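Nothing fancy with the numbering, it's 1 onward along the sequence. Note that the structure is predicted; figures quoted are calculated from it, not measured. As the structure lists them, so they are numbered: ligands from 1, and atoms in each ligand from 1.
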Amino acid sequence: MAKNIVRHTYRITRKERREDNSHNSFLIFLTGLSGSGKSTIANALEQQLFSEGIKTYVLDGDNVRKGINKDLSFSPEDRSENNRRIGEVAKLLIDAGLVVIAAFVAPYKKDRAFIRNTVGAENYFEVFVNTSLEECERRDVKGLYKKAREGKIKNMTGISAPYEEPEAPGVEVTEKNTVEESVELIYDTIANKLRL
Ligand code: ADP
């Protein structure tokens with residue numbers, strides 16, 4: 001398919017866009033179980049960065065699955081395709097000069113590694129939102145765990161599908177941290193990365 005496609009080089013570069021924004025662009029990738037707090041933390045982190053004039057954009061699992069990835073299921077193959085597209089979209093947004101905050105379960109190590117490779121290791125910062133299954137199930141924000149226990153949802157991460165924990169995340173936050181503490185922990189670790 002890609003045989004007759006030749007990449008065109010555009011004059012305005014990633015570097016120039018970053019300089020124009022006066023900050024670096026990269027991906028902050030939040031991974032963890034459903035209900036662990038990824039979207040909540042992403043939202044609060046974005047608000048803090050935005051208030052400081054940082055150009056940001058959040059890619060959220062549920063939202064992406066309602067749009068660009070609405071043709072995909074939760075089978076292992078489709079989960080991988082979901083992640084592949086997320087990686088490619090994140091790369092475009094990094095090119096556009098944005099700090100991208102992604103909130104995805106991304107349960108497979110190989111898929112997270114793929115995203116890391118797609119955007120480039122230097123542009124990838126992983127956050128493990130390490131909330132226990134018990135706590136996620138207690139919260140059951142979307143009612144999915146109840147449905148999964150009743151067998152109404154198949155391939156539910158943590159129940160009937162695996163979650164492979166990150167081995168060396170840039171930051172790990174847990175249910176012991178408040179949302180504010182989690183944001184502070186992430187912010188303090190990425191602050192250096194923002195500078196050009
Ligand atoms: P995910 O995006 O990981 O599926 P959500 O952010 O949608 O998770 O839901 C997490 C829920 O847990 C939210 O309702 C949030 O208010 C609640 N919550 C309670 N304590 C915390 C905490 N310490 N950190 C993050 N979220 C928390």
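Under a 3.5 Å cut-off, the side chain of N177 and the backbone N or O of T174 do form a donor-acceptor pair. At distances below 3.5 Å, not a single donor-acceptor pair connects side-chain atoms of R116 with backbone N or O atoms of A121. Side-chain atoms of N24 do not come within 3.5 Å of backbone N or O of L194 as any donor-acceptor pair. At distances below 3.5 Å, not a single donor-acceptor pair connects side-chain atoms of E184 with backbone N or O atoms of E181. Remark: the backbone N or O of F104 is not paired with any side-chain donor or acceptor of D60 at under 3.5 angstrom. Under the 3.5 Å distance criterion, the side-chain polar atoms of D140 are matched with a main-chain donor or acceptor of L144.
The cluster map of Ile, Leu, Val, Met, Phe, Trp and Tyr, joined by side-chain heavy atoms under 4.5 Å apart, puts F114 and I94 in different clusters.
In summary, the atoms of ligand 1 found under 4.0 Å from a heavy atom of L33, numbered by their order in the structure, are 3 (O). Of all the atoms in ligand 1, the ones that sit under 4.0 Å from a non-hydrogen atom of N177 are 22 (C), 23 (N). For ligand 1, the atoms closer than 4.0 angstrom to any heavy atom of S34 are 4 (O).
A pairwise comparison of heavy atoms in T118 and K91 identifies O-CD, 3.4 Å as the closest pair. The shortest non-hydrogen separation linking V105 to Y163 is O-CE1, 3.4 Å.
For a threshold of 3.5 Å applied to N or O pairs, the pair formed by E175 and ligand 1 contains no separation below that value. Where the criterion is an N or O separation shorter than 3.5 Å, residue side chain and backbone included, T178 fails it with respect to ligand 1. Where the criterion is an N or O separation shorter than 3.5 Å, residue side chain and backbone included, I41 fails it with respect to ligand 1.
For atom 5 (P) of ligand 1, the closest non-hydrogen atom on the protein side is T40 OG1, 3.7 Å. Ranking the protein heavy atoms by distance from atom 20 (N) of ligand 1 puts R139 NH2, 3.3 Å first. The closest protein non-hydrogen atom to atom 8 (O) of ligand 1 is G37 N, 3.2 Å. Nearest protein heavy-atom contact of atom 24 (N) of ligand 1 is V179 CG2, 3.6 Å. Among protein heavy atoms, atom 2 (O) of ligand 1 sits closest to S39 OG, 2.6 Å.
Using 4.0 Å as the threshold, E181 has no heavy atom nearer than that to any atom of ligand 1. The closest approach between S182 and ligand 1 stays at or above 4.0 Å for every heavy atom of the residue. Close to ligand 1: S36, with a non-hydrogen atom less than 4.0 angstrom away. The shell of residues lying under 4.0 angstrom from ligand 1, judged by heavy atoms, excludes N43.
Taking the side chain as every heavy atom from C-beta outward, E126 and F128 never approach each other to under 4.5 Å. Between M156 and S34, the closest side-chain pair of non-hydrogen atoms falls below 4.5 Å.
For K38, heavy-atom contacts with ligand 1 shorter than 4.0 Å involve the backbone as well as the side chain. Residue V141 touches ligand 1 through its side chain alone, judged by heavy-atom distances below 4.0 Å. Residue contacts with ligand 1 for D60 are absent, since no atom lies close enough (heavy atoms, distance under 4.0 Å). Using a 4.0 Å cut-off between heavy atoms, V173 makes no contact with ligand 1 at all.
Side chains of T131 and E175: no donor on one and acceptor on the other come within 3.5 Å.
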